[in-house]
Amino acid sequence: MIRIGMIGAGNFSYTHKRAIKSLDGCEICAVSDLIEEKAAAFAEGINAKVYTDYREMLEKEKPDGVILNLPHFLHKDITIDCLKHKIPVVVEKPMALSTEECDAMIAASKQYETPFAVGHLAGYSKSGQALKKIIREKTLGKLVAMTEIRTCNYFVNRPKWFLDKKLSGGGIMMNLGAHYIDKVLYLTDVEPEEICSVISNCATEDNVEATAQFLLRLPDNVSASGTFSGCVSSGQCETTFYFSKGTAQIRLGLELWISKAGGDFEPVVVGDHNEIMNGNMTEQITEFMKLIRGEENHATTPEHGRRVISVLEKILSE
Ligand SMILES: NC(=O)c1ccc[n+]([C@@H]2O[C@H](COP(=O)([O-])OP(=O)(O)OC[C@H]3O[C@@H](n4cnc5c(N)ncnc54)[C@H](O)[C@@H]3O)[C@@H](O)[C@H]2O)c1
């Protein structure tokens, strides 16, 4: 049985908890949060030990692996601390606040001979995997362009640290745009040759970007653009991929639909959204278990997480 420790018992930790509960061969042995009640609430129903100091948890429980579900500014230091304890990590996305921090994490992984993975999901998702095959096999011809539109009320009902650049690294682009950059890099396997962007803060009092629009030039005349807006909006999340002989669409980040030669869109991956998300998360944990055991795996690598940060840095520095 692989024993996993959870550090940070906030909103998204429950999605990890659900995935781990639905798998054989692993369990959450302990949870740590600065706020004891949050850790205790998380531990309900799974018999996990509760801690407010993650170091004490690492030392007493010696978990086989840990998941970091923390504010972004803590990703670097706590990942490195776990690696020092020789405990493999899944650190939630985005990997860290800067490429410099990513480099320090990668160096620590080598120094302490302990692997870690980053919580990007494109490589685990059925939609991502199916679309990558469509691109590779040219089922819809050559991929020429892609775009994502994502809008939401970013500044409503969000833990405060997300809205402070020092703690989060950025706003809607850093947080939600990271998912799109993950998709672009996973699907194309190339680095952007040129990046231009315009960002603004929608006149909110917070110091993180509320809107970002950008264009990435990829090799071979392929482009990837995006429009992210966290100003008051009805909410939209759609990624469209334009090919020479058709179109593909990832809807709400989960479903995959394709249109061949201008025909109606047909479903490729559809279903209950909670189930699709749980499938992506269980794949992540399955690959993490292989990483812990030293087996061959396709866990999202730190190098991929760093590439995402490198693109985000350039978009946000414009
Ligand atoms: N992969 C995805 O689809 C996805 C979705 C949502 C969030 N996320 C990521 O998950 C992470 C957490 O997001 P969230 O929405 O759960 O945030 P959150 O604010 O709800 O949770 C963070 C938790 O960390 C705790 N914490 C802070 N400092 C701590 C410390 N030193 N030790 C232990 N606990 C500490 C806080 O008390 C809080 O409970 C972020 O990296 C976010 O980007 C990923």
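As the structure lists them, so they are numbered: ligands from 1, and atoms in each ligand from 1.
Distances below 4.0 Å separate heavy atoms of P159 from the following atoms of ligand 1: 19 (O), 20 (O). Ligand 1 places these atoms under 4.0 Å from at least one heavy atom of K38: 38 (C), 39 (O). Interface atoms of ligand 1 facing N175, defined by a heavy-atom separation under 4.0 Å, are 43 (O). Near H179, meaning under 4.0 Å from one of its heavy atoms, ligand 1 places the atoms 1 (N), 2 (C), 3 (O). Atoms of ligand 1 found under 4.0 Å from any heavy atom of P71 (numbered from 1 in listed order, with element): 22 (C), 24 (O), 27 (C). The G8 neighbourhood of ligand 1 comprises atoms 24 (O), 34 (N), with distances under 4.0 Å to a heavy atom of that residue. Taking a cut-off of under 4.0 Å to the non-hydrogen atoms of H72, the atoms of ligand 1 that pass are 40 (C), 41 (O), 42 (C), 43 (O).
In this structure the side chain of F116 reaches within 4.5 angstrom of the side chain of P302, judged on heavy atoms. Side-chain contact between I80 and M105: present, with at least one pair of heavy atoms (C-beta onward) separated by less than 4.5 Å. The side-chain heavy atoms of K160 and L163, taken from C-beta on, include a pair separated by under 4.5 Å. By the 4.5 Å heavy-atom criterion applied to side chains, I315 and M173 are counted as neighbours.
Results of the side chain to side chain contact (heavy atoms under 4.5 Å, CB included) test with V308 over L185, V184, T99, V118 single out L185 as the only residue that passes.
Counting side-chain heavy-atom gaps under 4.5 Å among Ile, Leu, Val, Met, Phe, Trp and Tyr, the cluster of L291 also holds I2, I4, M6, Y14, I20, L23, I28, V31, F42, I46, V50, I67, V90, I285, F288, M289, I292.
Taking 4.0 Å as the cut-off between side-chain N and carboxylate O, D103 and R306 count as a salt-bridged pair.
For atom 21 (O) of ligand 1, the choice among G10, G169, S13, S168 with the nearest heavy atom turns out to be G10. Compare I67, N280, N69 by their heavy atoms: the one nearest to atom 12 (C) of ligand 1 is in N69. The residue from H16, K160, K93 that puts a heavy atom closest to atom 9 (C) of ligand 1 is K93.
Looking at F12 next to ligand 1, an N or O pair under 3.5 Å apart turns up. Every N/O-N/O distance between Y54 and ligand 1 stays at or above 3.5 Å.
Residue contacts with ligand 1 for T15 are absent, since no atom lies close enough (heavy atoms, distance under 4.0 Å). The proximity of H120 to ligand 1, defined as any non-hydrogen pair under 4.0 Å, does not occur for either the backbone or the side chain.
Side-chain polar atoms of T147 and S225 form a donor-acceptor pair below 3.5 angstrom.
Side-chain atoms of N297 do not come within 3.5 Å of backbone N or O of E287 as any donor-acceptor pair.
Within the 4.0 Å heavy-atom shell around ligand 1 one finds H75.
Of the protein's heavy atoms, E92 OE1, 3.3 Å lies nearest to atom 1 (N) of ligand 1.
Every residue was checked against the ring-ring contact (aromatic ring centres under 6.0 Å, His included) condition with Y186, not counting sequence neighbours, and none meets it.
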